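I have placed the structure first, in the form of structure tokens, so that the comments after it can refer back to it.
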Amino acid sequence: MAFQIPRGTQDILPGEAEKWQYIEQMARDICRRYNYKEIRTPIFEHTELFLRGVGDTTDIVQKEMYTFEDRGGRSITLRPEGTASVVRSFVENKMYGDPNQPIKLYYVGPMFRYERPQAGRFRQFVQFGVEALGSNDPAIDAEVIALAMEIYQALGLKKLKLVINSLGDKESRIAHREALVNHFKGRIHEFCEDCQTRLEKNPLRILDCKKDRDHELMATAPSIIDYLNDESRHYFDKVQMYLTKLGVEFEVDPRLVRGLDYYNHTAFEIMSNAEGFGAITTLCGGGRYNGLVQEIGGPETPGIGFALSIERLLAALEAEGITLPVAQGIDCYVVALGEKAKDESVVIVDKLRKAGIAAEKDYQDRKVKAQFKAADRLQAKYVAIIGDEELEKNVINVKDMATGEQVEVSLDSFTEYLREKLV
RNA sequence: GCGGCUAUGGCGAAGUGGUUAACGCACCAGAUUGUGGCUCUGGCAUGCGUGGGUUCGAUUCCCACUAGUCGCCCCA
């Protein structure tokens, strides 16, 4: 093959693209009802934004960002996620000055990560996300979570699990981190190499380790929940209270963590329980990031949001055997016989189309039989047959493909006739 | 960045170190010179991911590359 699609990317072909449209439309509609407005930001940003937003401490940034130099020598990065850009725009456009607080935004679009493709992971993938900036009310946390759940439920997914946790505020996090380090420090040599580096870099991640899962120190490790100060505890309680009031079922998982410093308080993930879903079960991740706006150069502004991948959403739908109600067939296929009729058929389909009817005709010079087959393949509800006989009488034969019934209709009233039939 | 497995027509899938590379689906044509979904008949890969190498000869053996897939690392 001469050309191949770049690694980790995919073509979304007709048949598949309709599902994307359906999902995006559903998400947009839910956002409209929750009063979240769309924001469109560029697909690339100055690398510095992500270094700041995501944190350059980890080697992830070096390893997994799609970074390159443009012709002007600037370091550019294809956005790996949506939040940094949204916050940048929030600050740059001074949305913090808008009287309509909180600012509630959503976005859909491609994101890029330079990683080895595997199940549910691509180099270009599409995320849908929302961000609510400017409110410190636990009710907005619950709202954001409920919105995410509603998207999945509206699409018919049943096998969902919502887990939430609180990372507390800075004070709580520091206390917890210290406790973790003390807990593992003495016997860290009993753990895997990764965990030994994690102790320094990110002790929270030790709790996630698959290899050392059964180590006795794991079960007794200090839980963040026990280190929440009164304010954080209270905040978390309120979030749970609101979720319960909203009828959103959840599970508290103290092991659910977020690596970056500006994350605090609420963290949540929505996972799929569906069988045969593979190693990756997380569909959606979100949390509160009260430090981020300031980090990006804006005034101290609280924020919370989530992002979900459409690819994984589709995989979850597949795993649950859900078929989206996407329209496929056309309304009418016009079969033409003979030169004159063929010329006339061009005008006939045009009339149908302008009347709002999805119509198609043959362009391959096929015989009648083949034209019918084509109509069948296109799942045409009706086939209209026009030939010399019909032309002479100024009529057209209309066949209902489901029943096989065929009636003769005057050419003048044909469009109207079909329109009534299709209602 | 690391490891396992894989790569044959539009799709699925057999196969062999040596004349014409099974079969199924789809598609096209005919049986039915103006009517689909069923049936029958016929057609449809100068080539077996790409590039090298071994060999008298490779789709089949070896190497590299590319891609897919599963997993590791990590997951903002």
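None of the values given here were measured: they were computed from a predicted structure. Letters A, B, ... are given to chains in the order of the sequence lines, protein chains preceding strands, and every chain is numbered from 1.
The NZ atom of A/Lys238 lies 13.0 Å from the OG1 atom of A/Thr266; values are rounded to the nearest 0.5 Å. Here A/Met271 contributes atom CE and A/Leu162 contributes atom CG; the two are 8.5 Å apart, rounded to the nearest 0.5 Å.
Figure legend. B/rA45 is base-paired to no nucleotide; pairs are counted as Watson-Crick or G-U wobble with both atom distances under 3.5 Å. Pairing for B/rU60 is absent, with no Watson-Crick or G-U wobble pair whose two atom distances lie under 3.5 Å. Nucleotide B/rU20 forms a pair with no other nucleotide shown, judged by Watson-Crick or G-U wobble geometry with both contacts under 3.5 Å. With a cut-off of 3.5 Å on both Watson-Crick or G-U wobble distances, the partner of B/rC74 is given as none. Remark: B/rA31 base-pairs with B/rU39. Criterion, Watson-Crick or G-U wobble with two distances under 3.5 Å. Across all strands shown, nothing is found opposite B/rG9 as a Watson-Crick or G-U wobble partner with both distances under 3.5 Å. Base-pair partner of B/rU69: B/rG4 (Watson-Crick or G-U wobble, both distances under 3.5 Å).
For the C1' atoms, the distance from B/rC44 to B/rG9 is 9 Å, rounded to whole Å. The same atom, C1', is picked in B/rG34 and in B/rU46; the two are 41 Å apart, to the nearest Å. B/rA45 sits 34 Å from B/rA64 when the P atoms are compared, rounded to a whole Å. Atom P of B/rC5 sits at a distance of 30 Å from the matching atom of B/rG57, rounded to the whole Å. Here the separation of B/rC48 from B/rG10, taken at their C1' atoms, is 16 Å to the nearest Å. Across B/rC56 and B/rA67, the matching C1' atoms stand 34 Å from one another, rounded to whole Å. Rounded to whole Å, the C1' atom of B/rU20 lies 30 Å from the corresponding atom of B/rU39. For the C1' atom pair drawn from B/rC70 and B/rA76, the interatomic distance equals 25 Å after rounding to whole Å.
Nearest-nucleotide positions on RNA chain B for A/Pro80 and A/Gly8 put A/Gly8 closer to the 5' end. Where A/Thr83 and A/Thr9 meet RNA chain B, the nucleotide closest to each residue was compared, and A/Thr9 sits on the side nearer the 5' end.
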Task: Check against side chain to side chain donor-acceptor pair (under 3.5 Å), A/Glu295 and A/Tyr289 - done: CA-CA 10 Å; A/Glu295 188 68 32; A/Tyr289 46 82; over 6 Å; no
Task: Verdict with supporting geometry, A/Asn229 and A/Ser232, side chain to side chain donor-acceptor pair (under 3.5 Å) - done: CA-CA 5 Å; A/Asn229 56 25; A/Ser232 299; 2.8 Å; yes
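No side-chain heavy atom of A/Pro110 sits less than 4.5 Å from a side-chain heavy atom of A/Phe125.
As rounded to whole Å, 18 Å separates atom P of B/rA76 from atom CZ of A/Arg288. Spacing between atom CZ of A/Phe306 and atom P of B/rC75 amounts to 22 Å, rounded to whole angstrom units. Rounding to whole angstrom units, CG of residue A/Leu308 and C1' of B/rA76 are separated by 15 Å. Between the C1' atom of B/rC73 and the OH atom of A/Tyr114 lies a distance of 16 Å, rounded to the nearest Å. We find that CD of A/Gln4 is positioned 11 Å from C1' of B/rA7, with the value rounded to whole Å. Atom-to-atom, CZ of A/Arg123 to P of B/rG1 comes out at 7 Å; the value is rounded to the nearest Å. The distance between atom CZ of A/Phe125 and atom C1' of B/rC74, rounded to the nearest whole Å, is 13 Å. The distance from atom CD of A/Glu64 to atom P of B/rC75 is 8 Å, rounded to the nearest whole Å.
Within 6.0 Å of OH in A/Tyr114 there are 12 or fewer heavy atoms belonging to other residues, nucleotides or ligands.
Residues A/Ser85 and A/Glu45 bring a donor and an acceptor atom of their side chains to less than 3.5 Å of each other.
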Task: Per-nucleotide protein contact string for nucleotides 24-38 of chain B, where B marks a base within reach and S marks sugar-phosphate only (heavy atoms under 4.0 Å, - for neither) - done: ---SSSS---BBBB-
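Put simply, the side chain of A/Gln364 never gets that close to the backbone of A/Arg366: no donor and acceptor are under 3.5 Å apart.
Each of B/rG3, B/rC73, B/rA76 was ranked by its minimum atom distance to the side chain of A/Arg116; first place goes to B/rG3.
A donor-acceptor contact under 3.5 Å links the side chain of A/Arg121 to the base of B/rC74.
For B/rG68, one of the phosphate oxygens OP1 or OP2 lies less than 4.0 angstrom from a side-chain nitrogen or oxygen of A/Arg7.
A distance of 6.0 Å or more separates the ring centres of A/Phe128 and A/Tyr107.
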